[in-house]
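Below: one structure, written as structure tokens.
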Protein chains: 2
Amino acid sequence: MATISDVARAAGVSPSTVSRVLNQPEAVVVAKRDRVFAAIAELDYRPSSAARNLRRGSFDTLALLVGDISQPFHGALAKSVQRAADEHGYSLLLCDLDHSRDRLIGLLHSLPKRGVDGVIIATADNLNVQPVRGALSELLDQGVAVVCGSQNIRSLGVPALVTDRVAVARDATAHLLTQGLWPIVFLGGGPGSALTRDARKGYEQACRTAGRSDDELCVINGDYRAEAAEQSVGTLLDNGVRPAGIVADNTPMALGAARALTERGLTIPADVAIVSCEDVPLGAYLQPPLSSVRTDLEDYGRRIVDVLISAIAGQDVPARTLVPHHLVVRGSSS
Amino acid sequence: MATISDVARAAGVSPSTVSRVLNQPEAVVVAKRDRVFAAIAELDYRPSSAARNLRRGSFDTLALLVGDISQPFHGALAKSVQRAADEHGYSLLLCDLDHSRDRLIGLLHSLPKRGVDGVIIATADNLNVQPVRGALSELLDQGVAVVCGSQNIRSLGVPALVTDRVAVARDATAHLLTQGLWPIVFLGGGPGSALTRDARKGYEQACRTAGRSDDELCVINGDYRAEAAEQSVGTLLDNGVRPAGIVADNTPMALGAARALTERGLTIPADVAIVSCEDVPLGAYLQPPLSSVRTDLEDYGRRIVDVLISAIAGQDVPARTLVPHHLVVRGSSS
DNA sequence: CTGAAAGCGCTTACAG
DNA sequence: CTGAAAGCGCTTACAG
């Protein structure tokens, strides 16, 4: 493991000069620069990131916190964030929360000692609760930059890049209502989720706009996973409710709902239409292809990383950025 | 940002003592220990990971290299690896290769300066080619431990934990043959893939065992993605080939194939049965539910991490571990 | 343009 | 059981 002094010695210069060759090559005369590069190649020298980090007080590393990396939406998000981070010369730490608030809080506490410059929070679970807010503000106090990719965080100065989940669910619901479908069930991701709360609002708004009264609405809850969704939709059906459409908060739940339906002999979309509030890469390849509300994740990941890196650099960043969405109609609802 | 000296001053002890309280608390008398803990809490002190890493020469960080994190199998693998790493006190760096060999090589070169103790390689792309082997052996020379979760790497001393892909594809193919289905098409992930090469072998073995001659076999190639698979299966069908079964190297390709079939009015499994060589979390929720060959990913991730951490600690580890698999028969093939 | 020197914040023999 | 001292490998004013 060659050090900078080894290289300096081999090249007949001082360590300072080697460091300069690495960090501001133009500041060193060509002859020496070449000798240094030759020595670096010869010794297969790699700068020690630990020493560099200690000296500079930064890490060139970001952390991504997701609710569940095994779900396809989060996988796609991670991909785009990773690529964007890479393009900026940052490594990406992956942190899976498994939708657990305790994990989230524990992680926020441990992040300062993990050596990250910035953190991207992309979990649907509600962040505006005291223990999380406390942990967040401690993290910020430690000088770690934070951006949120799922919801707005009140008053802590954490920039957010979010889709308007109310509008997302409203559009999804309206799409079904326009076809004259009723009743329509909203399948939410869980009572602890900020996104579900908003999406539910959008569902309600669309229904009211269509002239439905509140007691005609039907909201059921899952936990973002297919299994629970299958069960709760199954229970609903077994209780004699017969929806004409389902708006699912995410795609695994849409699949769970679909299975509950088909197992009971119902057909999609003929008997029941389904829309997901979340688009995933394989959505078009499901059977039937799943209608969903899409955000351009490639662009989204890049923008999140841009904002975070600006925040790390101490620049002013927009407190709130609205990320556009649009409905993609596929076979599950037409 | 309090430092260890601040804490020492506040507690009226030396920095050495604070360090001991953190790293070997029993070595410090209780009274002082308590004072130190109080000072730590009061100052909200967090040890600097950079300083610690520099001093100890380790990073408490692993890297996971996957072919494509947006694909469901890799998402599930990442989840289990992340959790296992976390349980051992390690952070996990996520590196998406996007199935590009150039990215892989670039990454292997850059890993030493990213500050990782160990690397898990879990890409299907063939690692036994010179540029990759060269980059790998440089990485090992830099003192970074490596384990491979997809294939064996010849002679570099990299431990591997792999499923027997030949057997996986053989089992999948035999499952279809047993039902008297023929012809059966093998849909591979790409000529550059080590896993595909093995899987193809398994397909051929099963067919021969069933008495099929080599010129009856049919192998087509994709790139692990649904899009290309849809296209190549579509072309096959349009050329008049009418398979009774398809063995797909991974799940996205199985979905692509399924779409090509259904778009041409064919039914699964009545007209064509499908099996995937890779099980994914939502496999049971596809329509029809997808038969596939399953590996227990929860267990697998844990074992990979165990081996890697042992290797980092300089312990002897098994050069090759066979990970069991079993066929899960679902609606797509029965 | 270049080098000597200081210092980032820890840990760990070493001496007591 | 505890502290003073050295050193991990860099970077960066500072002086020349």
Side-chain angles (χ1 to χ4, degrees), chain A residues 1-37 39-40 43-61 89 110-117 142-144, chain B residues 1-37 39-40 43-61 89 110-117 142-144:
Chain A
M1 224 64 22
T3 72
I4 202 170
S5 305
D6 297 330
V7 174
R9 203 171 311 117
V13 299
S14 75
S16 324
T17 297
V18 177
S19 178
R20 276 190 205 98
V21 169
L22 259 23
N23 298 305
Q24 16 172 347
E26 339 68 41
V28 177
V29 288
V30 182
K32 280 193 177 153
R33 204 190 299 172
D34 289 346
R35 271 194 285 148
V36 169
F37 279 130
I40 287 175
L43 299 174
D44 195 19
Y45 166 70
R46 321 276 176 117
S48 148
S49 64
R52 193 160 184 268
N53 292 344
L54 175 57
R55 193 42 234 238
R56 321 212 320 181
S58 65
F59 305 91
D60 296 343
T61 300
S110 78
L111 276 170
K113 68 179 145 210
R114 284 178 196 243
V116 300
D117 302 310
Q142 300 282 332
V144 178
Chain B
M1 223 63 22
T3 72
I4 202 170
S5 304
D6 297 330
V7 174
R9 203 172 310 117
V13 300
S14 75
S16 322
T17 298
V18 177
S19 177
R20 276 191 206 97
V21 168
L22 259 21
N23 298 305
Q24 16 172 349
E26 338 68 42
V28 178
V29 287
V30 181
K32 282 194 176 150
R33 204 190 298 173
D34 289 346
R35 272 194 285 149
V36 169
F37 278 131
I40 287 174
L43 299 174
D44 195 19
Y45 166 71
R46 321 277 176 119
S48 148
S49 64
R52 192 159 185 269
N53 291 344
L54 175 57
R55 194 40 237 238
R56 319 211 321 182
S58 65
F59 304 91
D60 296 342
T61 299
S110 79
L111 276 170
K113 66 179 146 212
R114 285 178 195 245
V116 300
D117 303 311
Q142 299 283 331
V144 178

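Keep in mind that the numbers below use all heavy atoms, side chains included, and drop hydrogens, waters and symmetry copies. Naming convention: chains lettered A, B, ... in sequence-line order (proteins, then strands); numbering from 1 in each chain.
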Nearest listed nucleotide, side chain of [X], among [options]:
| X | options | value |
| --- | --- | --- |
| A:Val29 | D:dT2, D:dG9, C:dC1 | C:dC1 |
| A:Ala51 | C:dC10, D:dT2, D:dG9 | D:dG9 |
| A:Thr3 | D:dT2, C:dC10, D:dG9 | D:dG9 |
| B:Val13 | D:dC10, C:dT2, D:dG3 | D:dG3 |
| B:Arg52 | C:dT11, D:dC10, D:dG3 | C:dT11 |

It should be established whether A:Ser14 places a side-chain nitrogen or oxygen under 4.0 Å from OP1 or OP2 of nucleotide C:dA4. no
- Message: Does C:dT2 have its OP1 or OP2 closer than 4.0 Å to a side-chain nitrogen or oxygen of A:Lys32?
- Response: yes
Can you tell me how far [atom2] of [N] sits from [atom1] of [X], to the nearest Å?
| X | N | atom1 | atom2 | value |
| --- | --- | --- | --- | --- |
| A:Phe59 | C:dC10 | CZ | P | 11 Å |
| B:Arg9 | D:dA4 | CZ | P | 13 Å |
| A:Ile4 | D:dG7 | CD1 | P | 19 Å |
| B:Leu54 | D:dG7 | CG | C1' | 9 Å |
| B:Asp6 | C:dC10 | CG | C1' | 13 Å |
| B:Tyr45 | C:dG9 | OH | P | 10 Å |
| B:Arg35 | D:dC1 | CZ | P | 15 Å |
| A:Ile40 | D:dC10 | CD1 | C1' | 13 Å |

Dot-bracket for DNA chain C, 5' to 3', Watson-Crick and G-U pairs with both distances under 3.5 Å, [ ] for crossing pairs, | for partner on another strand, reads |||.||||||||.|||
Residue pairs meeting side-chain hydrogen bond (donor to acceptor under 3.5 Å, both in side chains), one or both in residues 13-30 of chain B, sequence neighbours left out, come to B:Ser14-B:Thr17, B:Ser19-B:Asn23
Under a 4.5 Å cut-off applied to non-hydrogen side-chain atoms, are A:Val36 and A:Val28 in contact? no
- Message: Using side-chain heavy atoms (C-beta onward) and a distance below 4.5 Å, is A:Val21 in contact with A:Phe37?
- Response: yes
State which residues pass side-chain hydrogen bond (donor to acceptor under 3.5 Å, both in side chains) with [X]; sequence neighbours excluded, sorted by chain then number.
| X | result |
| --- | --- |
| B:Asp60 | B:Arg52 |
| A:Ser5 | none |
| A:Arg55 | none |

dist B:Ser48:OG -> A:Asn53:CG (nearest 0.5 Å) comes out at 9.0 Å
So CD1 of B:Ile40 and CG of B:Leu22: to nearest 0.5 Å the spacing works out to 4.5 Å
Between A:Arg33 and A:Pro25 the two heavy atoms that sit nearest each other are NE-O, 3.1 Å
Look only at the side chain of B:Gln142 and the backbone of B:Leu111, and say whether a donor-acceptor pair between them is shorter than 3.5 Å.
no
Every protein N/O within reach of nucleotides 12-16 of chain C N/O, cut-off under 3.5 Å:
residue: C:dT12; atom: O4'; partner: B:Arg55; partner atom: NH2; Å: 3.2
residue: C:dT12; atom: O4; partner: B:Ser16; partner atom: OG; Å: 3.4
residue: C:dA13; atom: N6; partner: B:Arg20; partner atom: NH2; Å: 3.3

